[in-house]
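Working notes, beginning with the structure itself.
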Amino acid sequence: MKRIDTSNWKAFVIGDLMDKLDLKVLKEDFDKRIDTSTEKDNEFTLPLINAKDGNNGIMYYGREADFESESMCLDIVQNGAIATGNVYAQIQKTGVLWDAYLVKPKANISSHTLLFLSKVLQKTIKEEYSYDNKAIWDKVKKNFILLPQNEDGQPDWVFMDSFMRNLEARSKSIVENLANIIGGGENRKPLSISKWNAFLVGDLFEIFKPIVYHTHHVKEKTNGIPYIVRSKFNNGMKYRVEQQILSLNPAGVISFGAENASFFYQAEQWCSGRDIYYIDTRHLTKYSCMFILTCLQKVTMRYSYNYGLFPDLLKQETIKLPVNSNGSPDWNYMDTYMRNMELKVNLEMRNLRTQC
């Protein structure tokens, strides 16, 4: 993407453009262990900001009645070894948990302009603050931020809005191309499976139950091993943990949870939470495994939290796979198909990064 010409931009004092909000926890006996959730559901619907790197700064959700909240704000992370100085646009109603705060622009701006501001503000403060020099508002508000200006010398909100809308339109086009490649777009070409054969999962693979480690057994560590739990997100990983004396499960296998069943390929050694199992696919390539787990995902539609997908049930399930001339699963075809898809996806992702 061509660099934006900022030679005519103007420096504004951050505190002149936005105000910090003092949002409180309303529940007097608030206990994070029982009053928040790491996943959004019917009870825990309100995003809560904290010292989170990624996922738009959201790690927990709370009950709307338990927190004061506000929308169309900027979320500034004031603490954290990695996240200090991160800025996220919180367009939806959001509450504050800890180590971050919300600021609201004084001008009535659009959501697209808010996104523009979040990127510029982060670039302004990210390198200046750190774990040892926290990005508290009393310091941040005195910093200057460079913004496009209009003829009156005021921030050019119209330009910011237009710039982000154009960027969004170009990005959507690339994402649609990407969706078509992986099979989710409007112009997708369905893969012909008329000559595929059905196989019992139990005839193809062995399934194992690993040693279970509860959260109090593990200790979070940034560069540790994956701790795999019953989650549909982040490849099933809750976080990375210290290896210590943990019994490790093999790399190159497909993990799944009995409840909230989703299948994930584990490329490195890992440890397991409760009700996690794995399919031993170590004799296959990563790409063949990615093909297989996509076929396995269709099985999960018949299972739920109250009717879990346990190994004995999965072994009796059938999946359709491409076959070779002997009628056996064509692992080479699956490998080649996924390698080609990866090349196409990487190309579109490069296009997307160029736009952004």
Side-chain angles (χ1 to χ4, degrees), residues 1 4-26 40 45-50 52 55-58 61-78 83 85-126 128-129 135-172 175 355-356:
M1 185 178 182
I4 303 175
D5 181 9
T6 63
S7 58
N8 292 321
W9 288 22
K10 179 180 176 180
F12 296 89
V13 178
I14 293 174
D16 291 343
L17 300 178
M18 52 198 77
D19 295 313
K20 179 178 180 292
L21 301 179
D22 185 21
L23 301 182
K24 298 180 175 61
V25 179
L26 299 175
K40 187 176 182 179
T45 59
L46 182 70
L48 301 174
I49 63 169
N50 56 299
K52 169 68 175 175
N55 197 35
N56 209 50
I58 304 299
Y61 295 85
R63 306 180 191 91
E64 288 198 32
D66 292 348
F67 295 85
E68 292 182 337
S69 61
E70 186 60 83
S71 60
M72 290 297 292
C73 295
L74 294 169
D75 159 14
I76 300 177
V77 180
Q78 68 178 12
N86 284 3
V87 180
Y88 303 99
Q90 302 297 352
I91 296 169
Q92 75 291 327
K93 289 178 64 176
T94 307
V96 177
L97 193 54
W98 58 51
D99 287 334
Y101 53 89
L102 291 174
V103 298
K104 193 171 182 71
K106 296 178 181 181
N108 184 19
I109 62 175
S110 69
S111 58
H112 290 86
T113 304
L114 192 71
L115 289 166
F116 188 102
L117 273 179
S118 70
K119 297 304 180 184
V120 178
L121 183 57
Q122 176 166 307
K123 184 158 183 70
T124 300
I125 69 173
K126 181 68 176 176
E128 181 169 342
Y129 298 98
I136 62 174
W137 180 241
D138 283 345
K139 292 187 291 187
V140 171
K141 70 180 181 181
K142 298 174 184 177
N143 288 113
F144 288 87
I145 183 174
L146 272 179
L147 292 174
Q149 59 177 319
N150 58 25
E151 294 178 353
D152 298 324
Q154 297 302 310
D156 194 342
W157 307 120
V158 174
F159 170 84
M160 299 180 219
D161 178 88
S162 176
F163 179 89
M164 294 303 290
R165 288 182 187 273
N166 289 334
L167 179 60
E168 180 183 58
R170 295 195 299 269
S171 299
K172 279 184 176 179
V175 170
Q355 292 294 327
C356 298

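Throughout, residue positions are numbered sequentially from 1 according to the sequence presented. Bear in mind that the values here come from a model prediction, so they are computed numbers and not experimental data.
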### Message
Ignoring hydrogens and geometry beyond distance, is a side-chain donor-acceptor pair present between Y129 and N143 at under 3.5 Å?
### Response
yes
### Cationic N near anionic O, under 4.0 Å, E70 to K93
no
### Query
Are R63 and L46 side-chain neighbours, meaning at least one heavy-atom pair lies under 4.5 Å?
no
### Task
Start with the C-alpha distance between F144 and V13, add both sets of side-chain angles, then the distance that settles side chain to side chain contact (heavy atoms under 4.5 Å, CB included), and finish with yes or no.
CA-CA 4 Å; F144 288 87; V13 178; 3.4 Å; yes
### Distance (rounded to the nearest 0.5 Å) between D16 CG and K141 NZ
10.5 Å
### Query
Taking the side chain from K10 and the backbone from G153, do they hold a donor-acceptor pair closer than 3.5 Å?
yes
#### Entry: Worked check of side chain to side chain contact (heavy atoms under 4.5 Å, CB included) between V103 and D19
CA-CA 5 Å; V103 298; D19 295 313; over 6 Å; no
### Query
Hey, does L147 have a side-chain heavy atom less than 4.5 Å from the side chain of V120?
yes
### Task
Calculate, to the nearest 0.5 Å, the distance between atoms CD1 and CD1 belonging to I58 and I49 respectively.
7.0 Å
#### Entry: Exercise: identify the closest heavy-atom pair between L121 and L74
CD2-CD1, 4.0 Å
### Query
Do any N or O atoms from the side chain of K20 and from the backbone of G15 form a donor-acceptor pair under 3.5 angstrom?
no
### Task
State, with a plain yes or no, whether a side-chain heavy atom of K52 is found less than 4.5 Å away from one of V77.
no
### Task
Give the C-alpha distance, both sets of side-chain angles, the deciding distance and a yes or no for side chain to side chain contact (heavy atoms under 4.5 Å, CB included) between Y88 and L115.
CA-CA 8 Å; Y88 303 99; L115 289 166; over 6 Å; no
### Message
I want to check something: taking the side chain as every heavy atom from C-beta on, are L117 and I109 in contact at a cut-off of under 4.5 Å?
### Response
yes
### K106, NZ: over 12 other non-hydrogen atoms inside 6.0 angstrom
yes
### Message
For the NZ atom on K139, are there more than 12 heavy atoms of other groups (residues, nucleotides or ligands in this structure) within a distance under 6.0 Å?
### Response
yes
### Full working for side chain to side chain contact (heavy atoms under 4.5 Å, CB included) between L23 and L102
CA-CA 8 Å; L23 301 182; L102 291 174; 3.5 Å; yes
### Query
How many angstroms lie between CG in L146 and CH2 in W9, if you round to the nearest 0.5 Å?
7.5 Å
### Query
Given side chains that start at C-beta, do those of Q149 and P155 come closer than 4.5 Å, heavy atoms only?
no
### Distance (rounded to the nearest 0.5 Å) between R165 CZ and H112 NE2
4.5 Å
### Message
Do I145 and L17 make a side-chain contact, defined as non-hydrogen atoms from C-beta onward lying under 4.5 Å apart?
### Response
yes
### CD-SG distance between Q92 and C73, expressed to the nearest 0.5 angstrom
9.5 Å
### Note, E64 side chain near S69 side chain (heavy atom, < 4.5 Å)
no
#### Entry: Side chains of Q122 and T124, donor plus acceptor under 3.5 Å
no
### Task
Indicate, with yes or no, if the rings of F163 and F116 have centres closer together than 6.0 Å.
yes
### Message
Can you confirm whether L114 sits close enough to P105 that some side-chain heavy atom of one is under 4.5 Å from a side-chain heavy atom of the other?
### Response
yes
### Query
Which heavy atom of Y101 sits nearest a heavy atom of A135, and at what distance?
OH-O, 2.8 Å
### Message
Please check this pair: side chain of S7 against backbone of D5, looking for a donor-acceptor N/O pair closer than 3.5 Å.
### Response
no
## Note on the structure
d(I125 CD1, I76 CD1) to nearest 0.5 Å is 5.0 Å
### N/O donor-acceptor pair under 3.5 Å between S110 side chain and T113 backbone
yes
### Query
Under the 3.5 angstrom rule, does the side chain of D75 hit a backbone N or O of A100 as a donor-acceptor pair?
no
#### Entry: Heavy-atom closest contact (I91 atom, S111 atom, distance)
CD1-CB, 3.7 Å
